[in-house]
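Along the sequence shown, residues are numbered consecutively beginning with 1.
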Amino acid sequence: MKYLCLFFFIAGSNALYATGINNRFLTGGNIHIVADTDTIIRKKSVSVGVNYGSDALFFGRTSPVKYPFVTGDVIYNSKQGFFAYGSVLKVLGYAPVDEVDVGGGYFYKLSKKFSGTVSYTRFIFNKQANVIKSASSNDINLKNAYDWKFLKTSVIADYLFGKSNDFFVTVTNSKYIETSWSIFDDQDYLSFNPSFNFITGTQNFVQRYSVDHRFKQDIDNIYVYDDANSARYNRKFKMLNYSFKVPIAYNRPHYTLEASWRYSIPVNVEGMLENHKESFFNFTFFYLFY
C-alpha cells in the first residue's frame, strides 16, 4: 500500500498561512504521500521535512519587506492520535535562526467523512525577527474537515495570544486528485490538491507589529499610530484575505516533493501596511519514517 505524508497548515493556518510549522502537517494510517491533503491515518511515525517559501504570509498579511524563508520541520505521530512537532525557521539574509515553533495536539475522526485536530503551538522568536508573525507567541487551533467526495471543506479556528490577541476563522474548499499512472515505476505517482480559501478575523497583531518596529517606519512605510480609532478598527472581526492555491506533488512510498503556487488577495488592510495582491511560491521535501 502507498504511504502518505500530510501537511496540515492551518495555516495554514493554514495555514499554512503562517511561517514555520504552525500545524501544517500530520501523518497517520492508510497513507499515500501528499504534502497538502487532510488524509490522516493511525500509524506510529516520524516525519522530517524542509520547505522554501518566497515570502512569509501570516493570516493573509505580509510584512512591508519580502522575507523569503526556509524551514526545517519534524513531527511525531502516535497510534492513539496524539502528535508533537517542532520547526526551525530562517529568513534568508537575516539571523541564523529567526523562529522556533514547538507544539502538540490530538487527531480525532468522528466518521469516515468527518475528522479534525486540536492543537497548541508556541512561537519563539529571535529578538531581531522582523516577520509580521512576531507580534504573536501562542496559537490554540481547532480544525474540522468534512469530505463531500467532490470536494473537502475545512473550517479552522485559531486563537492567538501574546503581545496581541486575535481570533481567526479560515474556510478552505479543496479537491484532491492523484494520477492512476506512474512516472518511473509502479511505486510513484503525481497528486494535485487545488484549493480556495478565505480568512476572517481581527488584526490587532498588525498594530502591535507596527509599534514594535516604529524605528523602521521611514523605510517600511508601515507605522500605524497607536490611537483609540486604530485600536477599535483592529478589534473588528472582518474579512482579511482570499486566496487560491495549486500544489503539484511527486510522491513515493516514503517521501513527497511538492511545488505550489498561491495567489493572495488581501482585503480590509490595516493602516499603511499596503498589502496588495501577491503570488507566493513554495517548494517542499518531506520524508516519512514508519
Side-chain angles (χ1 to χ4, degrees), residues 9-24 53-69 71 89 91 94 98-99 101 121 123 125 129-139 141 156-172 195-214 216-217 219-226 230-245 261-282:
F9 233 123
I10 19 240
S13 124
N14 286 144
L16 350 309
Y17 303 70
T19 58
I21 194 168
N22 197 27
N23 302 341
R24 290 181 306 159
S54 62
D55 195 7
L57 180 66
F58 185 64
F59 288 100
R61 297 292 184 259
T62 59
S63 303
V65 176
K66 268 197 172 186
Y67 291 115
F69 64 92
T71 64
L89 177 142
V91 175
Y94 291 85
D98 293 87
E99 177 185 347
D101 298 344
T121 305
F123 310 131
F125 298 97
N130 291 315
V131 293
I132 201 166
K133 179 184 177 182
S134 59
S136 301
S137 54
N138 304 274
D139 179 20
N141 174 280
I156 307 169
D158 286 276
Y159 174 61
L160 283 89
F161 57 99
K163 291 183 180 179
S164 64
N165 295 355
D166 285 289
F167 181 72
F168 305 94
V169 174
T170 304
V171 178
T172 301
S195 64
F196 165 74
N197 78 69
F198 62 85
I199 304 172
T200 57
T202 59
Q203 48 186 336
N204 296 304
F205 69 96
V206 175
Q207 186 162 357
R208 180 71 257 176
Y209 176 87
S210 171
V211 171
D212 289 347
H213 295 78
R214 67 175 67 192
K216 297 181 65 179
Q217 61 178 302
I219 300 173
D220 292 345
N221 195 26
I222 184 182
Y223 185 63
V224 180
Y225 290 101
D226 190 15
S230 293
R232 281 194 296 270
Y233 182 87
N234 288 333
R235 287 196 297 267
K236 291 182 179 179
F237 189 88
K238 56 180 60 181
M239 188 67 66
L240 300 180
N241 183 271
Y242 302 92
S243 68
F244 304 88
K245 185 176 181 181
W261 170 80
R262 180 190 296 274
Y263 187 65
S264 172
I265 306 171
V267 294
N268 296 315
V269 179
E270 161 65 26
M272 299 176 67
L273 187 57
E274 295 187 349
N275 276 190
H276 50 78
K277 298 174 184 178
E278 185 177 353
S279 292
F280 297 83
F281 298 93
N282 283 78

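Note: Leu160 CG to Thr202 OG1 = 8.5 Å, rounded to the nearest 0.5 Å. Annotation: the span from Thr200 atom OG1 to Asn268 atom CG amounts to 11.0 Å, rounded to 0.5 Å.
By the side-chain contact (heavy atoms from CB on, under 4.5 Å) test, Ser164 pairs with Ala135, Ser136, Asp166, Asn204, Phe205, Arg208, sequence neighbours left out. Applying the side-chain contact (heavy atoms from CB on, under 4.5 Å) rule to Ser54 yields the partners Tyr52, Phe280, Phe281; only residues at least two apart in sequence or on another chain are considered. Listed by chain and residue number, Phe196, Ile265 satisfy the side-chain contact (heavy atoms from CB on, under 4.5 Å) test with Phe244 (two or more places apart in sequence, or in another chain).
Considering every non-hydrogen atom in both Gly60 and Asn275, the closest pair reads O-OD1, 3.9 Å. Between Asp55 and Phe69, the shortest heavy-atom distance links the atoms O-CE2, 3.3 Å. Residues Tyr263 and Ser279 approach most closely at CD1-OG, 3.5 Å, considering heavy atoms. Summarising the geometry of Arg262 relative to Ser243, their closest heavy-atom pair is NH1-OG, 3.0 Å, with the distance given to 0.1 Å.
A side-chain donor-acceptor contact under 3.5 Å links Asn241 and Ser264.
Residues Asn138 and Tyr159 fail the side-chain proximity criterion, which asks for heavy atoms closer than 4.5 Å. No side-chain heavy atom of Tyr67 sits less than 4.5 Å from a side-chain heavy atom of Leu89. Considering only heavy atoms from C-beta on, Leu240 comes within 4.5 Å of Arg61 through its side chain.
Aromatic ring pairs are classed by plane angle as parallel below 30°, tilted from 30° to 60° and perpendicular above 60°; the pair Phe123 and Phe125 is tilted.
No donor-acceptor pair under 3.5 Å is formed between the side chain of Thr172 and the backbone N or O of Asn197.
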